Protein chains: 2
Amino acid sequence: MTDKKQQLIQTALHLFYTKGAGQVGINEIISTSGVAKKTLYAYFASKDDLILACLRERHDVFMAWLCDELEGANDIKSTYFQLFSALDKWFNCKVPSLAQFRGCFFINTAAEFQEYNPDITAYCAYHKNQVKALLNRHLQGGSQQELERIFTLSEGAIVSAFMLKNSDIAKSFLR
Amino acid sequence: MTDKKQQLIQTALHLFYTKGAGQVGINEIISTSGVAKKTLYAYFASKDDLILACLRERHDVFMAWLCDELEGANDIKSTYFQLFSALDKWFNCKVPSLAQFRGCFFINTAAEFQEYNPDITAYCAYHKNQVKALLNRHLQGGSQQELERIFTLSEGAIVSAFMLKNSDIAKSFLR
DNA sequence: TTTAAAGTAGACCACTCTGTCTACCTACAT
DNA sequence: ATGTAGGTAGACAGAGTGGTCTACTTTAAA
């Protein structure tokens, strides 16, 4: 992984996440990153290809963070508590690696691309399934219903925190 | 409200909802609706203005439907049951007035526009608050926590049904 | 010192987009 | 009958898009 490639991914991810992938043009990415357009197209076949790379990058960072936050949780109660404690930190911008909270990058991107680019929406779905699988690993012996409930509640919290600018919503599930 | 104006709103809403507002151009709207471009700009100041009109239209239709579905619910249990029964019908495309399920129009649109157009995101937030207020009216005497829980769970269900193409998710909260 | 790989700057192409404008066409009330 | 309001068709401007290409520069290994 070259220096320039990483530089492009970092810059693009930041812009895509804060403004929405559709609102950010290639020219903005190259001028912000200071990398030439030719170099961008040497590493990425298209803008969509770059978006996919950003989704993968975000997925890796997000999963690493969430894995860490859920460490040690081994039943419904502890998983539930640690999950919403983690979300609360995220919503209140206390997790530097996730950048300033602007909702879920995958939900936002999937909403923009709908079925225009199936690869992108498929990757967004993949991410959500991975999160769900991680939760399932911690809910040892928990029912499928419990998993569905905790996952869906966290999805709703992310969306609500973003749309209603209610960054303290996760707290209401901690009591 | 003129004939042509309604025609434009209906056509635009359908296209915006199924493809995403950003993916639909003015030219597609006029050619699909059979209304001249000049007429469109006689009724709407800009594309964003038309999007706002579509959000308002969708809000009216959606609230009328939800109001109806929640009729008679007067405690936590009945509200919860009627809400998720309604969502299940929506997800499985059994509500003609809401058109084929493609997630929440307001969440999708807010995700696309982020802060690029504050009027649009503000209206999307307004819609969610109205839904929440409606639920609150049915949860007579219910705690704020119960309201937050049921609202957030339904938001999560809408997002999950769309992203994971899991149209039966609402059923798992009925048992 | 030479050579090749990797990068830069930015002109350029073909296309799309929103929004404006001209020219013409009804329908109908006065 | 004529004027007016409301409509159509579509050319057009101006800005912006993703992506390609040429020409030049830097870097570093052989």
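Just so it is clear: chains get the letters A, B, ... in the order the sequence lines come, proteins before strands, and each one is counted from 1. Keep in mind that what you see is a predicted model, and the values were worked out from it rather than measured. Basis for what follows: all heavy atoms, side chains included, without hydrogens, waters or symmetry-related copies.
- Atom CG of A:Asp49 is separated from atom P of D:dG18 by 14 Å (rounded to the nearest Å).
- Rounded to whole angstrom, the span from the CZ atom of A:Phe44 across to the P atom of C:dA6 amounts to 15 Å.
- Residue B:Lys5 contributes atom NZ, which lies 15 Å from atom C1' of D:dG6 at whole-angstrom precision.
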| query | Between A:His59 and A:Tyr126, is a ring-ring contact (aromatic ring centres under 6.0 Å, His included) present by the stated rule, with each step listed? | reply | CA-CA 10 Å; A:His59 174 74; A:Tyr126 163 79; 5.4 Å; yes
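- Straight-line distance from the CD1 atom of A:Ile51 to the C1' atom of D:dT17: 13 Å, rounded to whole Å.
- The nucleotide whose nearest atom lies closest to any side-chain atom of A:Asn27 is, among C:dG7, C:dT18, D:dT17, D:dT17.
- Ring centroid separation for the pair A:Phe105 and A:His127 does not come in under the 6.0 Å cut-off.
- In this structure, the side chain of B:His138 engages the main chain of B:Ala73 through a donor-acceptor pair within 3.5 Å.
- In this structure, A:Ile30 atom CD1 and D:dG18 atom C1' are separated by 11 Å, rounded to whole Å.
- To the nearest angstrom, C1' of D:dG6 lies 19 Å from OH of B:Tyr41.
- Each of A:Lys38 and B:Ala45 was assigned the nucleotide of DNA chain C with the nearest heavy atom; the assignment lying further toward the 5' end belongs to A:Lys38.
- When distances are taken from the side chain of A:Lys4 to each of D:dG7, C:dG7, C:dT18, the shortest belongs to C:dG7.
- Rounded to a whole Å, the CD atom of B:Glu28 is 13 Å from the C1' atom of C:dC17.
- The nearest whole Å value for the distance from the CG atom in A:Leu40 to the P atom in C:dG10 is 17 Å.
- Donor-acceptor pairing under 3.5 Å is recorded for the side chains of A:Gln10 and A:Gln6.
- No side-chain heavy atom of B:Thr121 sits under 4.5 Å from any side-chain heavy atom of B:Glu115.
- Proximity of B:Ser46 to the phosphate of C:dT18: no side-chain N or O atom is located under 4.0 Å from OP1 or OP2.
- Within the 4.0 Å cut-off from OP1 or OP2 of D:dC21, not a single side-chain nitrogen or oxygen of A:Lys37 is found.
- Dashed line: the shortest gap from a side-chain N or O of A:Tyr43 to OP1 or OP2 of C:dA6 is not under 4.0 Å.
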